[in-house]
Amino acid sequence: MTEMSAVPEVFRQAVAALTSPAPRPEIEITEVRPPKRLAPWAYALAAEATGPDGELATSRLVLLHDPAGQEFWNGVWRLVAYLRAELDPEVATDPLLPSVGWSWLTDALEDSGVEYTALGGTVTLTSSARFGDIAGPERNHDLELRGSWTAFGPKLESHAVAFHELMSTAAGLPPTGVAVLGTRTGESQRPF
């Protein structure tokens with residue numbers, strides 16, 4: 001994004017709408033440098049949350065605006081989400097996990113009342129082994145979700161709420177107002 005004086009007012013309104021809903025206290029959100037060359041106007045946020053079982057979820061949400069539109073957008077406002085969530089070894093091999101991961105996004109959009117079109121994306125499962133002097137657990141399992149959708153206008157508050165909900169689910173945070181009682185070792189709080 002260039003200097004704010006050159007930014008169209010409608011884009012400023014969209015950024016203000018996207019940043020107006022406050023996330024839960026467990027989710028830390030910061031502004032980051034947006035990608036260049038995807039659209040004339042771009043804005044990006046990064047988020048991080050650690051769930052009650054210690055699993056880390058990190059994410060980025062990018063707002064793209066092209067007043068001329070782009071071929072596959074079906075509009076002029078595009079949101080792109082990238083999420084990475086650590087997984088318990090017990091659930092990492094579940095063959096339904098990619099569908100469950102995708103439902104985190106679709107459920108968050110639906111539950112937040114988001115109106116959108118042209119939703120698409122991928123879910124990737126990774127398993128990494130550590131060797132030698134690298135600190136950390138011997139194996140890591142992660143779910144990576146990439147999704148994008150087109151918003152119908154610059155009123156993006158519900159899209160931000162959906163992003164916060166996606167982060168909450170990926171980190172295994174309980175619903176707002178619900179306390180987590182003690183868990184047994186190895187028992188995940190994630191909703192799947």
Side-chain angles (χ1 to χ4, degrees), residues 1-2 4 7-36 38-52 55-67 69-70 72-86 100-123 143-178 190-191:
M1 194 163 69
T2 60
M4 285 305 281
V7 175
E9 180 60 28
V10 70
F11 187 74
R12 279 190 240 190
Q13 291 170 359
V15 169
L18 191 65
T19 58
S20 66
R24 304 170 54 140
E26 301 94 337
I27 301 173
E28 182 180 327
I29 295 184
T30 56
E31 181 179 343
V32 294
R33 183 181 306 259
K36 297 179 180 179
L38 296 178
W41 306 104
Y43 179 82
L45 297 169
E48 185 174 294
T50 302
E55 288 98 350
L56 176 68
T58 59
S59 187
R60 289 190 187 260
L61 181 65
V62 179
L63 169 64
L64 303 172
H65 176 53
D66 186 342
Q70 293 192 17
F72 299 107
W73 288 13
N74 294 334
V76 299
W77 300 98
R78 190 79 176 160
L79 289 133
V80 181
Y82 168 78
L83 170 84
R84 187 188 66 78
E86 293 177 352
V100 171
W102 185 249
S103 75
W104 295 348
L105 176 60
T106 58
D107 289 351
L109 292 170
E110 183 179 318
D111 293 347
S112 301
V114 171
E115 294 184 3
Y116 63 89
T117 189
L119 173 66
T122 62
V123 174
L143 179 144
E144 294 179 357
L145 180 148
R146 290 171 182 82
S148 63
W149 61 96
T150 299
F152 291 125
K155 295 183 179 180
L156 302 173
E157 293 87 353
S158 61
H159 297 264
V161 171
F163 179 62
H164 300 163
E165 183 61 31
L166 173 64
M167 282 297 299
S168 297
T169 302
L173 297 174
T176 303
V178 174
R190 280 219 179 83

Would you say [X]'s side chain and [Y]'s backbone share a donor-acceptor pair under 3.5 angstrom?
X: Thr50; Y: Glu55; answer: no
X: His65; Y: Val76; answer: yes
X: Thr150; Y: Ala118; answer: no

Any heavy-atom pair between the side chains of [Y] and [X] that's under 4.5 Å?
X: Arg84; Y: Leu56; result: yes
X: Tyr116; Y: Leu109; result: yes
X: Leu145; Y: Tyr82; result: no
X: Trp73; Y: Leu64; result: yes
X: Lys155; Y: Glu157; result: yes

Query raised in the report: Is there a donor in the side chain of Arg78 and an acceptor in the side chain of Ser148, or the other way round, less than 3.5 Å apart?
Result: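 There is such a pair between these side chains.
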Sequence neighbours excluded, which residues qualify as side chain to side chain donor-acceptor pair (under 3.5 Å) partners of [X]?
X: Glu26; answer: Arg24
X: Ser158; answer: none
X: Gln70; answer: Asp66

With [X] via side chain to side chain contact (heavy atoms under 4.5 Å, CB included) - residues at least two apart:
X: Gln13; answer: Glu9, Val10
X: Thr106; answer: Trp102, Ser103, Leu119
X: Val161; answer: Pro21, Ser112

Query raised in the report: According to the interplanar angle, ranging from 0 to 90°, do the rings of Phe11 and Trp41 count as parallel (below 30°), tilted (30 to 60°) or perpendicular (above 60°)?
Result: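 Phe11 and Trp41: tilted rings.
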How far apart are the closest heavy atoms of [X] and [Y], and which atoms are they?
X: Pro67; Y: Pro40; answer: CD-CG, 4.3 Å
X: Pro174; Y: Pro52; answer: CD-CG, 4.4 Å
X: Ala170; Y: Ala85; answer: O-CB, 3.8 Å
X: Trp149; Y: His159; answer: NE1-ND1, 2.9 Å
X: Val32; Y: Arg60; answer: CG2-NH1, 3.0 Å

Query raised in the report: After noting the C-alpha distance and the side-chain angles of Leu79 and Leu156, does the key distance pass the side-chain contact (heavy atoms from CB on, under 4.5 Å) rule?
Result: CA-CA 10 Å; Leu79 289 133; Leu156 302 173; 4.2 Å; yes
**Report entry** Intermediate values then yes/no, side-chain contact (heavy atoms from CB on, under 4.5 Å), Glu48 and Ile27
**Finding:** CA-CA 6 Å; Glu48 185 174 294; Ile27 301 173; over 6 Å; no
Requested in this report: Might you work through the side-chain contact (heavy atoms from CB on, under 4.5 Å) test for Tyr43 and Glu31, ending with a clear yes or no?
Outcome: CA-CA 8 Å; Tyr43 179 82; Glu31 181 179 343; 3.4 Å; yes
Query raised in the report: About how many Å separate NZ of Lys36 and CG of Leu38, when rounded to the nearest 0.5 Å?
Result: 12.0 Å
Query raised in the report: Does CD belonging to Glu28 count more than 12 external heavy atoms closer than 6.0 Å?
Result: no
Requested in this report: Could you go through the side-chain contact (heavy atoms from CB on, under 4.5 Å) check for Thr30 and Leu45 one step at a time?
Outcome: CA-CA 6 Å; Thr30 56; Leu45 297 169; over 6 Å; no
Report task. Answer yes or no: is there an ion pair linking Glu144 with Arg146, defined by an N-O contact shorter than 4.0 Å? Result ->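 Yes, Glu144 and Arg146 are salt-bridged.
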Requested in this report: Please name the residue in the list Leu83, Val80, Leu18, Ile29 that meets the side chain to side chain contact (heavy atoms under 4.5 Å, CB included) test with Leu61.
Outcome: Leu18
